[in-house]
Amino acid sequence: MSEPQLPARQRSRWPWIAGIAAVVVVAAIVVFAVTRGGSDDDGAKTVRIGVTDASQPYWKTYADLAKQRLNVTVQFVNFNDYSQPNPALKEKQLELNEFQHIQYLANYNVTAHDDLQPIGATAVYPLPLYSLNYTSPSAIPANAKVAIPNDAINQARGLLVLQAAGLVTLKNGGTAFSSTADIDTKKVDVVTLDASQTAGALKSGSVAAAIVNNNYATSAGLPKTAAVFQDDPASASAAPYVNIFVARAADKDDPTYLKLAELYHEASVEQGVQESNGGTAVFRKVAPGELQSLLKTVQDQAVAAGKK
């Protein structure tokens with residue numbers, strides 16, 4: 001199957017929903033010029049973390065704290081192709097990565113027959129429903145057109161948002177792999193568009209409402225007041241979209257790696273994350289065992305949806 005597309009955070013770090021380009025991956029090693037994980041001469045442990053936004057200032061804050069508090073030298077390996085950080089972790093070119101949510105990892109594990117594991121949560125980025133003419137989902141007229149992204153990951157999440165907003169119901173409550181074929185009942189006419197086009201369709205008036213990821217909403221100049229609904233980051237339906245630190249299964253209990261995942265929630269790091277994301281991050285602290293249990297559930301859903 002084609003590589004799934006990740007939903008975007010507000011800033012350029014996450015053009016998740018733009019098509020993942022089939023290009024030669026460029027992995028740029030930044031922050032510390034070392035060639036492999038292990039121990040430095042001063043006894044510090046070196047940990048390579050794969051990311052897609054190594055230039056963001058908060059990663060320097062994070063690396064400084066890792067050195068000061070854990071005596072860990074963090075080496076960031078930056079990837080421009082989102083299909084590469086998981087295989088790089090599998091092949092031991094990294095010790096950890098942080099670029100994806102549970103749903104994306106579940107799809108990868110099932111399709112690649114891998115067993116990477118989440119060891120710490122970072123944040124959820126709510127997915128908004130926008131309307132320029134209506135102030136609430138209940139005000140949207142019956143049979144009005146509502147646009148959602150057409151890529152597999154965002155389509156499923158968009159449908160779950162519409163269900164939470166009372167605009168559709170999904171068979172068996174829906175899953176992180178639902179499609180428009182799973183719509184059971186509907187108040188509105190759901191149309192699927194490329195994620196980059198949903199904001200334009202809303203502005204042109206061709207749809208009454210649209211699911212628009214934050215980066216496209218910002219580019220289109222949609223006012224925040226036009227967001228009439230978004231998924232609840234604490235809800236069960238949003239749980240698969242919590243972003244995570246990921247390790248190989250053999251390393252999921254490594255105490256240093258677990259501490260590095262926890263370090264993300266230091267106040268200075270979280271502040272930097274919010275500054276880079278326009279305040280849209282909703283931070284989540286979830287126990288590793290709970291994340292791993294959730295991953296198994298979502299992987300089972302992926303298998304049931306025929307992703308293997």
Side-chain angles (χ1 to χ4, degrees), residues 6-7 9 13-14 16 27 29-32 37 45-54 56 58-67 69-70 72-79 82 84-109 112 114-125 233 238-270 272-274 276-277 281-296 298-299:
L6 291 167
R9 301 180 185 180
R13 169 184 182 184
W14 286 98
W16 293 5
I29 298 176
V30 298
V31 183
F32 296 99
K45 186 172 184 176
T46 296
V47 176
R48 300 164 298 181
I49 303 178
V51 298
T52 56
D53 61 346
Q56 289 297 327
Y58 64 80
W59 282 128
K60 183 180 186 306
T61 302
Y62 175 92
D64 290 345
L65 286 173
K67 187 67 173 179
R69 299 191 182 182
L70 305 176
V72 171
T73 297
V74 173
Q75 170 193 318
F76 295 107
V77 181
N78 195 69
F79 292 88
Y82 299 106
Q84 296 302 312
N86 282 332
L89 180 59
K90 176 183 180 179
E91 297 300 323
K92 300 185 178 180
Q93 298 167 12
L94 309 169
E95 281 66 61
L96 301 171
N97 68 40
E98 194 285 311
F99 80 104
Q100 65 193 316
H101 49 49
I102 288 280
Q103 201 268 8
Y104 188 89
L105 177 60
N107 192 91
Y108 165 78
N109 275 348
D114 206 344
D115 191 28
L116 302 181
Q117 295 294 312
I119 64 166
T122 59
V124 176
Y125 295 81
Y241 305 103
V242 63
N243 291 282
I244 46 177
F245 277 89
V246 176
R248 291 181 292 277
D251 297 329
K252 66 183 178 66
D253 298 318
D254 184 287
T256 297
Y257 300 165
L258 292 172
K259 289 176 182 177
L260 283 169
E262 293 172 359
L263 197 64
Y264 191 92
H265 292 288
E266 288 296 319
S268 58
V269 178
E270 287 191 348
V273 172
Q274 288 292 34
S276 293
N277 284 278
V282 179
F283 297 105
R284 294 290 305 274
K285 294 182 180 179
V286 184
E290 185 177 343
L291 290 172
Q292 290 153 20
S293 178
L294 175 61
L295 175 66
K296 184 180 184 306
V298 181
Q299 286 181 172

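- Aromatic ring orientation, W59 versus F76: tilted (interplanar angle from 30° to 60°).
- In this structure the side chain of H101 never reaches within 4.5 angstrom of the side chain of P240, judged on heavy atoms.
- Under a 3.5 Å cut-off, the side chain of S276 and the backbone N or O of G272 do form a donor-acceptor pair.
- Here the CG-CD1 distance, from L294 to I102, works out to 5.0 Å after rounding to the nearest 0.5 Å.
- Atoms NZ and CG, from K296 and L291 in turn, are 15.5 Å apart once rounded to the nearest 0.5 Å.
- Residues Y58 and D53 have side chains that bring a donor and an acceptor to within less than 3.5 angstrom of each other.
- Distance check, rounded to the nearest 0.5 Å: CD1 of I49 to OH of Y62 gives 4.0 Å.
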Q: For V51 and F79, run side-chain contact (heavy atoms from CB on, under 4.5 Å): C-alpha distance rounded to whole Å, both residues' side-chain angles, the deciding distance at 0.1 Å, then the answer.
A: CA-CA 6 Å; V51 298; F79 292 88; over 6 Å; no
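- Counting heavy atoms from C-beta on, the side chains of Y241 and Y125 never come closer than 4.5 Å.
- Side-chain contact between L70 and K259 is present, with heavy atoms from C-beta onward closer than 4.5 Å.
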Q) Does the pair L89 and D114 meet the rule for a side-chain contact (heavy atoms from CB on, under 4.5 Å), with working shown? A) CA-CA 11 Å; L89 180 59; D114 206 344; over 6 Å; no
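- Residue N243 holds its CG atom at 11.5 Å from CG of L105, rounded to the nearest 0.5 Å.
- Once rounded to the nearest 0.5 Å, the distance linking CD of Q84 with CG of N97 reads 12.0 Å.
- With E95 as the partner, the side-chain hydrogen bond (donor to acceptor under 3.5 Å, both in side chains) test is satisfied by one option alone out of Q75, K45, R48, R248: R48.
- Under the rule for a side-chain contact (heavy atoms from CB on, under 4.5 Å), the partners of E270 that lie at least two apart in sequence or sit in another chain are H265, F283.
- Of the possible donor and acceptor atoms, one in the side chain of Q292 sits under 3.5 Å from a partner among the backbone N and O of P118.
- Rounding to the nearest 0.5 angstrom, the gap separating the CG atom in L260 from the CD atom in E98 is 12.0 Å.
- One N or O on the side chain of N277 and one on the backbone of V273 form a donor-acceptor pair closer than 3.5 Å.
- The shortest side-chain heavy-atom distance between L94 and V47 does not fall under the 4.5 Å cut-off.
- Checked for salt-bridge contact, R69 and E266 meet the test: a charged N lies under 4.0 Å from a carboxylate O.
- Summarising the geometry of Y264 relative to T122, their closest heavy-atom pair is CE2-CB, 3.4 Å, with the distance given to 0.1 Å.
- Residues A261 and I119 come closest through the heavy atom pair CB-O, 4.1 Å.
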**Q.** Derivation and outcome, side-chain contact (heavy atoms from CB on, under 4.5 Å), residues Y257 and F245
**A.** CA-CA 9 Å; Y257 300 165; F245 277 89; over 6 Å; no
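- The shortest side-chain heavy-atom distance between L96 and V246 does not fall under the 4.5 Å cut-off.
- For the residue pair V74 and A63, the shortest heavy atom distance occurs at CB-CB, 4.3 Å.
- For the residue pair N86/Q100, the side-chain donor-acceptor check at 3.5 Å is satisfied.
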